[in-house]
Asks: 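Input: one structure, supplied below.
Every heavy atom of this structure was used, including side-chain atoms; hydrogens, water molecules and symmetry mates were not.
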Amino acid sequence: MYLLWLNFRYYVLHDQKLEHVEKYPYYEEKLLYSEGSESSISAKRRPEEFVEALAKYDVISFDVFDTLVLRPFSDPTDLFYVLGNELNYMDFQRIRIEMEWKARAKKYKKEKHYEVNLEEIYTILSEETGIEKQDAMKKEVELEYAFCFANPYMKKVVELLREKGKRLIVTSDMYLNTKQIKKLLELCGYMSFDSYYVSCDQKKSKNEGSLYRYVKQKEGENRTYAHVGDNYISDVKNSEKQGFAPFHYVNVNAVGEPYRPYDMSVITGSLYRGMVNSHIHNGLHCYSREYEYGYIYGGLFVTGYCQFIHEYVKSHRIDKILFLARDGDVLSKAYEILYPEEEGKWEYVYWSRLAATKMAASRYKYDYFRRFLYHKVNQNHTIQQIFKSMELEDMIESFCACTKFLAKTLLTDRNVEEIKKYFITNWEHVLEHYREQLQAGKLYYEEVLQDCKKVVSVDIGWAGSGAITLDYIANHIWKLDCEIIGMIAGTNTCHNAEPDASETFLQSGKLVSYLYSQRENRDLWKFHDAGKGHNLFWEMLLDAPMGSLKGFYLDEEQKWRCEFKDVTVDIEKICEVQRGVLDFVQEYTVWSNKMSKMSKICGRDAYAPMVMVEGKMNSLYRNIFIKMVDEKNIGAN
């Protein structure tokens, strides 16, 4: 129907400049799951219920890889990238796959089956590459031990079956031998199984059914059997043909693959997808959509951003990290998880654009009027509300007396200049209202910046004004003599009205951006569009369960105190998003410690999961956060 409509417009209406659908500037063609939380796809019967079904059989057989144990990679062969780094050998992942197939082809030619062990693979690999066989074999096995972990769902199932006294066996098609498989399962926390049947030792396989026949010969033909595995052919169809009751455990990566981004660097992408698929789709838990938003779409970004901050701090000899409220709340928690040894080197500090605009009004008068007046023109704000937001209530009477306006008059494009003129005429009186806030703020930041000469202030973005104003106030008004460098996740983009607003500072290094800028990841700089709500989706990841800072004030004892806006967001939802983010950070820490320098997350990779949220989000999924986004906008106003 759409094609007919285009033809009608072209040939009948002679519309030869048809607007075509905007071309999506990325390779991703993935969709977001919107019928509920993504983990609901894999919501299985409770382990107790599954155990009741399995316990009816005399012998219960389990596949190993992708069933009893999982790996943090979306493809099991991606472990060979890590091994290639260990061996210092280029293109090792591809070579290792090639050598395995050569070993299997050689085996079939000689013995009419494809079952090989690790030594046979590495014999050929060593001959063709020059890699020392024993050392390489040892390293591969050690990496399997290090990266495999127990499937939490299956571990619970096995434990419950063990309590019932059932006979549990392992049946696996694998080049690791029985001894290696047994040790791997023990390292993953499984108690010993009653028997192990491994294809490379028995020279039989599940893939063509002979291993199942061998199991029945050894265990007893008169017994009843069940088999649990992830491969639909080998573990389901073939076991059923041999008289086993099949129980299909769907591969976590097969379930998650339609929803994971692939426009990423190969190692980071595989680790990210494997982690998310294993966590979300193992079947033990069904998470909230808010939790999944944090874990799936925010975890990689927060982890990478903290890595970026850490590296910058080390290389530039920074004295302290200031995580600015409120976006810095979850970032500071993540940083503590990743770098616990740096306690005392960072601090979560109170700051906001609202407080900064008032305190820096003497210098940044243009921004002051833009924020308090021009951004609120024709939005049904009364003059009384405008004066109150500026904390200038005592000036309303004077203003109304010398103008034709009433306090209830609405701010419009027709009267905004006259209101601005009044403030400029009484500018010193305006600034006097913020003297106390400057004094209180100085008392606070004197404590924060004590003994510091160079710090970074961390924020989400986008123009970087938070860091610039803080630096000006700290050094030119408070005279604290401390250089403050702004670190932001992303900058203004080509879609902003002021795309070049921060370029001076980005070029000079006064501001540093992680995800993109005009100079780095320009595809993202062209894609990210605040007008489409992109900024808000990122801010939702870093939102905090607390009101934003109104300003600093002095108490009766002339000590600093803070006042905050009332919390307008759904705190429970915010906490769920943060929980998801921090769970990812915690888990990523485990794997990064095992990957040496291979776990660094670049800005382009960190953005990749959110491309789907911003570019492919359908209306059903968007509605999940529409209330949170609306409340955030209200809070900002």
Asks: Going by ring-ring contact (aromatic ring centres under 6.0 Å, His included), name the residues that satisfy it together with Tyr122, two or more places apart in sequence or in a different chain.
Replies: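 Tyr122 satisfies ring-ring contact (aromatic ring centres under 6.0 Å, His included) with no other residue.
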Asks: Ignoring hydrogens and angles, tell me if any N or O in the side chain of Tyr305 forms a donor-acceptor pair with the backbone of Ala489 under 3.5 Å.
Replies: yes
Asks: Would one find more than 12 heavy atoms of other residues, nucleotides or ligands at under 6.0 Å from atom CG of Asn222?
Replies: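 For Asn222, atom CG is not crowded (no more than 12 foreign heavy atoms under 6.0 Å).
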Asks: Would you confirm whether Ser42, through its side chain, and Ser39, through its main-chain N or O, come within 3.5 Å as a donor-acceptor pair?
Replies: no
Asks: What pairs with Asp78 under side-chain contact (heavy atoms from CB on, under 4.5 Å), at least two apart in sequence or on another chain?
Replies: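 side-chain contact (heavy atoms from CB on, under 4.5 Å) check on Asp78 returns Phe73, Ser74, Asp75, Tyr81, Gln93, Ser270.
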Asks: Judged by atom type as modelled, is there a donor-acceptor pair below 3.5 Å linking the side chain of Lys166 to the main-chain atoms of Tyr57?
Replies: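 Such a contact is found between Lys166 side chain and Tyr57 backbone.
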Asks: Please determine if Glu221 and Arg213 form a salt bridge, counting it only when a charged side-chain N lies under 4.0 Å from a carboxylate O.
Replies: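 No, no charged N to carboxylate O under 4.0 Å.
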Asks: Are the side chain of Asn282 and the backbone N or O of Pro152 linked by a donor-acceptor pair below 3.5 Å?
Replies: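 No: the side chain of Asn282 does not pair with the backbone of Pro152.
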Asks: Kindly say whether Glu132 contributes a backbone atom to a donor-acceptor pair with the side chain of Ser126 at under 3.5 angstrom?
Replies: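 Pair absent, no side-chain N/O of Ser126 close to backbone of Glu132.
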Asks: Within this structure, what is the OH-CG distance for the pair Tyr232 and Asn251, rounded to the nearest 0.5 Å?
Replies: 15.0 Å
Asks: Starting from the C-alpha separation in whole Å, work towards a yes-or-no answer on side chain to side chain contact (heavy atoms under 4.5 Å, CB included) for Arg260 and Ile296.
Replies: CA-CA 9 Å; Arg260 298 286 83 78; Ile296 299 173; 3.5 Å; yes
Asks: Charged N to carboxylate O below 4.0 Å: is that the case for Arg579 and Glu290?
Replies: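 Here Arg579 does not pair with Glu290 in a salt bridge, since their nearest N and O are not under 4.0 Å apart.
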Asks: Would you sort out whether Glu144 and Arg71 count as a salt bridge (charged side-chain N to carboxylate O under 4.0 Å, His left out), showing the intermediate values?
Replies: CA-CA 9 Å; Glu144 291 283 14; Arg71 298 181 180 96; 3.2 Å; yes
Asks: Determine whether a donor-acceptor pair (N or O, by modelled atom type, separation under 3.5 Å) exists between the side chain of Asn521 and the backbone of Leu515.
Replies: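 The answer is yes, because a donor-acceptor pair under 3.5 Å joins these two groups.
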Asks: CG of Asp91: more than 12 outside heavy atoms within 6.0 angstrom?
Replies: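 Yes - once you tally the heavy atoms of other residues, nucleotides and ligands closer than 6.0 Å, there are more than 12.
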Asks: With the side chain counted from C-beta on, respond yes when Arg167 and Ser195 share a heavy-atom pair under 4.5 Å apart, and no when they do not.
Replies: yes
Asks: List the steps, then state whether side chain to side chain contact (heavy atoms under 4.5 Å, CB included) holds for Phe65 with Leu184.
Replies: CA-CA 11 Å; Phe65 294 94; Leu184 185 147; 4.1 Å; yes
Asks: Might you work through the side chain to side chain donor-acceptor pair (under 3.5 Å) test for Tyr607 and Glu614, ending with a clear yes or no?
Replies: CA-CA 10 Å; Tyr607 198 109; Glu614 296 170 345; 2.5 Å; yes
Asks: Could you check whether Glu342 and His310, counting side-chain N and O atoms only, form a donor-acceptor pair closer than 3.5 Å?
Replies: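 Yes, side-chain donor-acceptor contact under 3.5 Å.
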Asks: Heavy-atom distance under 4.5 Å between the side chains of Met154 and Thr67, does that happen here?
Replies: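 Yes, side chains in contact.
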Asks: Is the count of non-hydrogen atoms from other residues, nucleotides or ligands lying under 6.0 Å from Glu120 atom CD greater than 12?
Replies: yes
Asks: Do other residues, nucleotides or ligands put more than 12 heavy atoms under 6.0 Å from Lys594 NZ?
Replies: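 Count over threshold, so yes.
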Asks: For atom NZ of Lys216, is the number of surrounding heavy atoms from other residues, nucleotides or ligands below 6.0 Å larger than 12?
Replies: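 Enclosed.
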Asks: Within the 4.5 Å heavy-atom criterion, are Asn117 and Ile121 side-chain neighbours or not?
Replies: no
Asks: Using a strict threshold of under 4.0 Å (side-chain N to carboxylate O), is an ion pair present between Glu257 and Arg273?
Replies: no
Asks: For Val236, does its backbone N or O pair with a side-chain atom of Ser239 as donor and acceptor, under 3.5 Å?
Replies: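 Yes, because the side chain of Ser239 sits within donor-acceptor range (under 3.5 Å) of the backbone of Val236.
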Asks: Would you say the side-chain atoms of Asp58 pair up with the backbone N or O of Thr224, donor to acceptor, closer than 3.5 Å?
Replies: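 Flag set: sc Asp58 to bb Thr224 pair under 3.5 Å.
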Asks: Is a side-chain N or O of Thr589 found less than 3.5 angstrom from the main chain of Val585, in a donor-acceptor match?
Replies: yes
Asks: Any carboxylate oxygen within less than 4.0 angstrom of a Lys/Arg side-chain nitrogen, looking at Glu128 and Lys102?
Replies: yes
Asks: Please step through side chain to side chain donor-acceptor pair (under 3.5 Å) for the pair Thr171 and Ser61, ending with a clear verdict.
Replies: CA-CA 6 Å; Thr171 310; Ser61 165; 2.7 Å; yes
Asks: Answer yes or no: is there a donor N or O on one side and an acceptor on the other, between the side chain of Thr129 and the main chain of Ile131, under 3.5 Å?
Replies: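 Yes, the answer is positive, given that a donor and an acceptor are paired below the 3.5 Å cut-off.
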Asks: Could you walk me through whether Gln180 and Met174 satisfy the side chain to side chain contact (heavy atoms under 4.5 Å, CB included) test, starting with their C-alpha distance in whole Å, then the side-chain angles of each, then the deciding distance to 0.1 Å, before giving a yes or no?
Replies: CA-CA 10 Å; Gln180 292 163 337; Met174 189 57 180; over 6 Å; no
Asks: Do the ring planes of Tyr335 and Tyr339 sit parallel (below 30°), tilted (30 to 60°) or perpendicular (above 60°)?
Replies: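 Aromatic pair Tyr335/Tyr339 classed tilted.
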Asks: Does Phe527 form a ring-ring contact (aromatic ring centres under 6.0 Å, His included) with His534? I'd like the steps, not just the answer.
Replies: CA-CA 10 Å; Phe527 169 74; His534 293 178; 5.2 Å; yes
Asks: For the pair Gln578 and Asp329, evaluate side chain to side chain donor-acceptor pair (under 3.5 Å) and give the outcome as yes or no after the intermediate values.
Replies: CA-CA 9 Å; Gln578 283 204 4; Asp329 181 46; 2.9 Å; yes
Asks: With ring-ring contact (aromatic ring centres under 6.0 Å, His included) as the criterion, how do Phe149 and Trp591 come out once you've worked through the C-alpha distance, each side chain's angles and the decisive distance to 0.1 Å?
Replies: CA-CA 11 Å; Phe149 61 96; Trp591 306 122; 5.5 Å; yes
Asks: Any chance you could lay out the salt bridge (charged side-chain N to carboxylate O under 4.0 Å, His left out) test for Arg46 and Glu49, step after step, and finish with the verdict?
Replies: CA-CA 5 Å; Arg46 293 185 304 109; Glu49 295 174 354; 3.7 Å; yes
Asks: Can you label the angle between the Phe308 ring and the Tyr514 ring as parallel, tilted or perpendicular, going by 30° and 60°?
Replies: tilted
Asks: Identify whether the distance between the nearest side-chain nitrogen and carboxylate oxygen of Glu38 and Arg289 falls below 4.0 Å.
Replies: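 No, Glu38 and Arg289 are not salt-bridged.
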Asks: Do Arg96 and Tyr175 form a cation-pi contact, if we require the NZ or CZ to be under 6.0 Å from the six-membered ring centre and within 45 degrees of the ring's axis?
Replies: yes
Asks: Knowing that exactly one of Asp66, Asn151, Asn231, Asp230 qualifies, which makes a side-chain hydrogen bond (donor to acceptor under 3.5 Å, both in side chains) with Tyr249?
Replies: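 It is Asn151, the one option of Asp66, Asn151, Asn231, Asp230 that forms the side-chain hydrogen bond (donor to acceptor under 3.5 Å, both in side chains) with Tyr249.
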Asks: Tell me, yes or no, whether the heavy-atom count around Lys182 atom NZ, taken from other residues, nucleotides or ligands under 6.0 Å, exceeds 12.
Replies: no
Asks: What residues, two or more places apart in sequence or in another chain, satisfy ring-ring contact (aromatic ring centres under 6.0 Å, His included) together with Tyr145?
Replies: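 Scan of Tyr145 (ring-ring contact (aromatic ring centres under 6.0 Å, His included), adjacent residues dropped) gives none.
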Asks: Mind running ring-ring contact (aromatic ring centres under 6.0 Å, His included) on Tyr114 and Tyr108 for me, showing each step along the way?
Replies: CA-CA 5 Å; Tyr114 291 98; Tyr108 183 81; 4.5 Å; yes
Asks: Fit a plane to each ring of Tyr295 and Tyr291, take the angle between them on a 0 to 90° scale, and name the class: parallel (under 30°), tilted (30 to 60°) or perpendicular (over 60°).
Replies: parallel
Asks: Assess the pair Tyr287 and His279: is the distance between their ring centroids shorter than 6.0 Å?
Replies: yes
Asks: Determine, for Lys206 against Asp63, whether the closest basic-nitrogen to carboxylate-oxygen distance falls under 4.0 angstrom.
Replies: yes
Asks: With a 6.0 Å cut-off (strictly less than), is the heavy-atom count around NZ of Lys156, excluding the residue itself, greater than 12?
Replies: no
Asks: Are Phe247 and Phe50 close enough that their ring centres sit under 6.0 Å apart?
Replies: yes
Asks: Could you walk me through whether Glu140 and Phe80 satisfy the side chain to side chain contact (heavy atoms under 4.5 Å, CB included) test, starting with their C-alpha distance in whole Å, then the side-chain angles of each, then the deciding distance to 0.1 Å, before giving a yes or no?
Replies: CA-CA 8 Å; Glu140 178 169 333; Phe80 301 148; 3.6 Å; yes
